[in-house]
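Right, one structure below, let's go through it.
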Number of protein chains: 2
Amino acid sequence: MPPTGSPAEPPAGPADHRPGKTPETRPTSKDVARLAGVSQSTVSLVHAGKWPGRVSERTVRAVNEASAALGYRPNQAARHLRLGTTRTVLLVVPALTNPFFGAVHTGASEAAARRDFSVVIYPSRIEAGTERAPFASPFAAAHTALDGVLASSTAVETLSELLGSTGPGPGLPLVMLDSEPGVGPATVNVDVAAGMRDLVGHLLDLGHRDFGRLTPHIDGWTFTARENAFRTALAGVPGTRSTRARTHFTVHDAAEAALTLLDRPDRPTALVCDDDVLAAGAYKAARQRGLRIPEDLSVTGFDDLIIATVMDPELTTVRLPAHRLGADGMSALLDLLDGRRPQDQSLPAELTVRGSTAPPPART
Amino acid sequence: MPPTGSPAEPPAGPADHRPGKTPETRPTSKDVARLAGVSQSTVSLVHAGKWPGRVSERTVRAVNEASAALGYRPNQAARHLRLGTTRTVLLVVPALTNPFFGAVHTGASEAAARRDFSVVIYPSRIEAGTERAPFASPFAAAHTALDGVLASSTAVETLSELLGSTGPGPGLPLVMLDSEPGVGPATVNVDVAAGMRDLVGHLLDLGHRDFGRLTPHIDGWTFTARENAFRTALAGVPGTRSTRARTHFTVHDAAEAALTLLDRPDRPTALVCDDDVLAAGAYKAARQRGLRIPEDLSVTGFDDLIIATVMDPELTTVRLPAHRLGADGMSALLDLLDGRRPQDQSLPAELTVRGSTAPPPART
DNA sequence: ACCAGGAAGTCATACGTATGACGGCAAGGA
DNA sequence: TCCTTGCCGTCATACGTATGACTTCCTGGT
């Protein structure tokens, strides 16, 4: 037996063990380099766009052609490893079944894409019973190291509970959306107080003095802010009155809660609901009692979801800029990642008057 | 000057250049190894759970304690690079503002999490004007190599256009949801035909013979299937008639389209709408013409979105199992990734009778 | 003639993990 | 006593990219 090894066999130290080795491997920068007749470094330089005097234009062309020919796409895992960054941020929202957060996501994604970042969404209500220690949590769910977090309408406590155990808590760039200003590193939120003030002003102008309030059971900064703003708005006006009913976040529960308000001897002339869904419940209750909207009863919502225009009459509500919330929040987060310190921001909420409000019925 | 270099300086070949070197670096498996007094290999072995005779229990404990102490979390980028897999799949949906797809996402995410996969969602309508050649597209958006794709309610052409240029087309595991069976590698869809058949049966039983159809302008397998099923259902019954109006996917447009149907001399007694949103438009039109639902006009929807219960009266519609669609679709995709060949699946659609249907008014 | 300086590339390395091959060591059989 | 057989770990390496240091070549100034 001749002492010759395989002809082109590389030295192959004691442990050369590549994984799976699929028959169809994707081209790497090395393949591009070979085809273009340059070194791998050059390929990398070209793709990074860093050749203000390092690579000739002729070579750039060659590399680009070779890349195109092979259909080369850089291996993100390798980049992430090398660069120590993933250009990915997590967007935490309460639920995806609410279109409001779909809009937030869209706004955030668009802003992120412009800076070549991408967004992974995490609905915090996903029941996690099946998660496995010790790497569970959104971070595991994202399956990627994250460069930052954007949290919408989530309590800080919930969030830190969510991220706390596994996430690099204090060090992780974080922007809170639609949450209490001043808490957390940076916040972008909606001026719901102003929206509520305008809304109540509108009702007062119409002549309403007896109010019913429909608010959700769940806590959350926005809802507290809405309630406070409502009270403040009434405080300045003599002769006003209001009663509050709390409800779960469903149409049916809201309808029942609304009934308790409508069945009071001193029935309110206007129902101010903290969300459009609750307003839908109010509509239902009104119909059950034979009250016409808006002639007998004015109803208002909040958020301006699609259902506001589905309802009949169309709902007077306060529009929240969901898309912009996501976009501006992402901008703030990117600023934070750049080392700049974004300042807290407040977005306007816009009163949208439709058909569900009118002067109160004449006293009987 | 003594020839002594720095005391513990490693050999340091000609090019030892680590990137950024943040002051606060996350612990790596090497750090854990040092603390536990073992080698990095051992740490890796332990975390992989592969020690049926390679690592003693005492060592396992030590490693786990060290990991916990340091708050170690494995670097995903490094794993991805080494393993050649990301355990991430892309979910393509038409839009996130439709709660239906939120439910699909939830179902898919839950199923994925059970197998330690994660889901990145991509709304295909995101306008891509700002994307940069040559690595644009969902793949760039996902910012990660993908192990597979789940595409919901998307035409194959649209999808391949989306993925085609950059994605590894034919090789990428792909499951289509709610789309034409037989096209593409594997599909999971809803038996909308049966749903429509039941729905029409319900209306026929009530005595309706004159129908109006409200269908969306956009194409898509489901809508074609719904229309065909509707026609088939009527075909067997003598004396039936139907007129169709097409509309954009908004309440207002649908209302206008519905008006054209209601203003015909042979006004239909039932409006069969291909989506709950369109049904909302029909409600609006009916009210404009002073028609009561369901006494003067029956209206039906499709999908069973939240708005179906917001409307008054509540809408008779066909419920589609969005959550299960996502879950089963993900299962199929994971099967595909395991090398198994999932068979096409069809999920049941359930007729949900509420208050918007009744016998037609007596002939005048 | 010689060197400074710039332009164009290449070299070598590290990022953090996973894993096949290999090495001690103790127990037990011959 | 010596060899075999497991058990417990460690070694060395590769995954694909990005980048500081280095080399080579060329032009032009003195």
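Everything numeric in this text was worked out from a predicted model, so none of it was measured. Here is the naming used below: chain letters follow the sequence lines, and residue numbers restart at 1 for every chain. Scope of the values below: all heavy atoms of this structure, side chains included, with no hydrogens, waters or symmetry mates.
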Subject >> Non-hydrogen side-chain atoms of Tyr122(A) and Ser109(B) separated by less than 4.5 Å >> reply: no
Original post:
Taking atom P of dT17(D) as reference, at what distance in whole Å does atom CZ of Arg34(A) sit?
Top reply: 12 Å
Subject >> Side chain Ser41(A) and base dT19(D) donor-acceptor under 3.5 Å >> reply: yes
Original post:
Within less than 4.0 Å of OP1 or OP2 of dC11(D), is there a side-chain N or O belonging to Ser39(B)?
Top reply: no
**OP:** Report yes if a donor N or O on one partner sits less than 3.5 Å from an acceptor N or O on the other, where the partners are the side chain of Arg54(B) and the base of dT19(C); otherwise report no.
**Re:** no
Subject >> Whole-Å distance separating the CG atom of Leu45(B) from the P atom of dC11(D) >> reply: 13 Å
**OP:** Name the nucleic acid region contacted by Ser56(A), choosing base, sugar-phosphate or nothing; use a 4.0 angstrom heavy-atom cut-off, strictly under.
**Re:** sugar-phosphate
Subject >> Interatomic distance, Gln40(A) CD vs dA12(C) P [rounded to whole Å] >> reply: 13 Å
Original post:
Contact class for Val43(A) vs. all strands (heavy atom < 4.0 Å): base, sugar-phosphate, or nothing?
Top reply: nothing
Subject >> Short side-chain to backbone donor-acceptor contact, Ser44(B) and Gln40(B), under 3.5 Å >> reply: no
**OP:** Between Ala78(B) and Arg58(B), name the one whose nearest nucleotide on DNA chain D is closer to the 5' end.
**Re:** Arg58(B)
Original post:
Does a side-chain N-to-carboxylate-O contact under 4.0 Å join Arg115(A) and Asp335(A)?
Top reply: no
Original post:
How is Thr28(B) classified with respect to the nucleic acid when contacts are heavy atoms under 4.0 Å: base, sugar-phosphate, or nothing?
Top reply: sugar-phosphate
**OP:** Would you please confirm or rule out a distance under 4.0 Å between OP1 or OP2 of dT17(D) and any side-chain N or O of Ser29(A)?
**Re:** yes
Original post:
In terms of side-chain heavy atoms of Val55(A), which of dT19(D), dG9(C), dT10(D) is nearest?
Top reply: dG9(C)
**OP:** Could you check how far NE2 of His47(B) sits from C1' of dA18(C), rounded to whole Å?
**Re:** 13 Å
Subject >> Any Arg79(B) side-chain nitrogen or oxygen under 4.0 Å from OP1 or OP2 of dA18(C) >> reply: yes
Original post:
Between Thr59(A) and Asn75(B), which is nearer to the 5' end of DNA chain C once each is assigned its nearest nucleotide?
Top reply: Thr59(A)
**OP:** Starting at atom CZ of Arg82(B), determine the distance to atom C1' of dA12(D), rounded to an integer number of angstrom.
**Re:** 11 Å
**OP:** Please check the phosphate of dG9(D) (OP1 and OP2 only) for any side-chain N or O of Thr42(B) closer than 4.0 Å.
**Re:** no
**OP:** Using whole Å, report how far CZ of Arg73(B) lies from C1' of dG16(C).
**Re:** 14 Å
Subject >> Any donor-acceptor pair under 3.5 Å from Asn64(A) side chain to Arg61(A) backbone >> reply: no
Subject >> Whole-Å gap separating P (dT17(C)) and NE2 (His80(A)) >> reply: 16 Å
Subject >> Val104(A) backbone acceptor or donor facing His323(A) side chain under 3.5 Å >> reply: no
Subject >> Separation of atom CG in Leu81(B) from atom C1' in dA14(C), rounded to whole Å >> reply: 12 Å
